[in-house]
Amino acid sequence: MKKTLQRPAGWPASLSTPVVSPIAPSVVYASASPDELDSQYEGRETGYTYAREGHPNADVLAQRIDALEGASGGLVVGSGMAAVSAVLLGLCKTGDHVIGADQLYGRSLRMMAEDLPRLGIATSLVDATDAKAVAEAIRPETRLVLIEVVSNPTIRIADLDAVAEVCAERGVLLVVDNTFTTPLGIRPFEHGADIVLHSVTKLLAGHSDATLGWVAAKDPALAERMRIFAVTTGMTPSPFDCWLAERGLATFALRYARAQDTSQRLADYLSGAEGVKRVLYPTRPDHPDAARAQSLLKGQGGHMVSFEIEGGRAAANAFAEAASGIAFAPTLGDVGTTLSHPASSSHRALTPEARAKMGVSEGFFRVSVGLEDPEALIACFGDGLAAARGAA
Ligand SMILES: *Cc1c(COP(=O)(O)O)cnc(C)c1O
């Protein structure tokens, strides 16, 4: 009997179409002939070849996030830090200079402090609430400025419009990491950003079960350079993670609205509570950038609340232990509220003096508000505060 080689039969034909995107884990895509492959590589036909170069789940997700940000040609990569790397390492070269906000995400700060200088790319950190400081830091060889609209962990609001104006005047690219604010809080391309990126891991995917990033550039030539760099350096996103994030995005607007509503209530509760020194939330009139928060974020406060309790580390330990319904975990944007203590986690590498200068003491906490019942959540904070007062 003649033996035949069996290839998978392919997907069963169906006139009707699925309403949920299928998952395509295939690493390779077979072509009928070298001519057919040529026509794909030369752009006469569209098609996939090898998953590291691109796959359907990444493209579907990229288009969804593009629509939210008012972007086109966005790229989904394997993590938020891959998106940061695609920008910083994919677009800069030895001899360039890069400016970063001094309260960037911890790993972005590390890349500024360690990796870029190692490659001969000089870096400076500036206060992004001060456009004059950004202007003064610009040198002839400055390639780009990387900022976040709302800073971590002190919730300061960057002077985005003024920084964008400075960057445009001086011919420097403005890159905005929009993870904290999300496209429902602000769409940085509409404020002059040249490149916008996200850790999709956070509120966009929203369930702490997928690690992904997204980056888009206004200039298609820059977008293409980042795409090629991402493919070469293997920043490939997992198809399954892309699928999870697409599913998460279906409820993003609802989750955002609920978390924001609860955040406002929590901020108001905390600001009147005994043992709380200060509360940082953008819509509160006592916020240091209250006017800018109103004009930039259009009255939205977002889902991040920071606060400081009296009593130092002992009180902080007592708070975290007593508020045990809240996950003490260094992430954000999850369906569940998470509590982070920057002095022992994201900012532990800083000296106590440097932390003090930022206003990050041992009693400082950052909260990413989730979807719990607001009253139950506030009661949990109440338990934490009572314990903290006992320990202070
Ligand atoms: C989490 C985060 C990142 C990094 O994202 P990963 O998906 O964890 O790699 C970058 N920027 C901000 C603001 C973040 O919160």
Side-chain angles (χ1 to χ4, degrees), residues 58 61-62 65 69 74-90 98 100-113 115-116 125 128 144-158 160 175-186 188 193 195-216 226 230 233-238 240-242 244-245 248-249 252 256 259 282 297 302-306 327 329-334 337-342 345-347 358 366-370:
L61 178 62
I65 303 174
E69 280 290 3
L75 177 73
V76 169
V77 287
S79 68
M81 281 316 297
V84 172
S85 304
V87 174
L88 295 179
L89 304 175
V98 165
D102 57 6
Q103 287 193 27
L104 290 173
Y105 181 69
R107 286 277 158 191
S108 301
L109 281 178
R110 193 187 157 91
M111 191 171 286
M112 294 275 176
D115 301 282
L116 296 185
L125 298 178
L144 60 85
V145 174
L146 170 63
I147 64 169
E148 295 172 25
V149 181
V150 172
S151 77
N152 174 28
T154 65
I155 321 285
R156 295 297 302 268
I157 314 292
L160 177 60
V175 184
V176 178
D177 177 341
N178 203 28
T179 304
F180 261 47
T181 17
T182 85
L184 289 176
I186 193 165
I195 294 172
V196 177
L197 68 90
H198 276 280
S199 169
V200 178
T201 313
K202 309 293 168 54
L203 201 66
L204 291 180
H207 296 70
S208 289
D209 56 8
T211 301
L212 290 169
W214 171 93
V215 59
M226 288 192 285
T233 52
M235 297 180 172
T236 321
S238 141
F240 183 55
D241 278 11
C242 293
L244 283 171
L249 274 182
F252 164 53
Y256 178 82
L297 305 175
H303 69 297
M304 305 295 297
V305 180
S306 289
T331 189
L332 60 117
D334 186 29
T337 297
T338 51
L339 184 69
S340 125
H341 182 252
S345 59
S346 54
H347 293 67
M358 290 176 76
R366 185 202 74 186
V367 187
S368 165
V369 176

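Just so you know, ligand 1 is whichever comes first in the structure, and atom 1 is the first atom listed for that ligand. The shown structure was predicted, so the numbers you read here are calculated from the model rather than taken from an experiment.
With a 4.5 Å cut-off on side-chain heavy atoms, Leu146 and Val87 do not count as touching.
When the ring-ring contact (aromatic ring centres under 6.0 Å, His included) test is applied to His303, no partner is found at least two apart in sequence or on another chain. Listed by chain and number, the residues in a side chain to side chain donor-acceptor pair (under 3.5 Å) with Thr182 amount to none (sequence neighbours excluded). Residues satisfying the side-chain contact (heavy atoms from CB on, under 4.5 Å) criterion with Ser340, sequence neighbours excluded, are Pro342, Ser345, Arg366.
In terms of modelled atom types and a separation under 3.5 Å, the side chain of Asp241 and the main chain of Thr211 share a donor-acceptor contact.
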For ligand 1, find each of its N or O atoms that sits under 3.5 Å from a protein N or O atom, and tabulate the pairs with distances to one decimal place.
unit_1   : atom_1 : unit_2 : atom_2 : d
ligand 1 : 5 (O)  : Ser199 : OG     : 2.9
ligand 1 : 7 (O)  : Gly80  : N      : 2.8
ligand 1 : 7 (O)  : Ser199 : OG     : 2.9
ligand 1 : 7 (O)  : Thr201 : OG1    : 2.6
ligand 1 : 9 (O)  : Gly80  : N      : 3.1
ligand 1 : 9 (O)  : Met81  : N      : 2.9
ligand 1 : 11 (N) : Asp177 : OD2    : 2.6
ligand 1 : 15 (O) : Lys202 : NZ     : 2.7

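Checking Ile186, Ile195, Ile147 one by one against Val176, the side-chain contact (heavy atoms from CB on, under 4.5 Å) holds for a single residue, Ile147.
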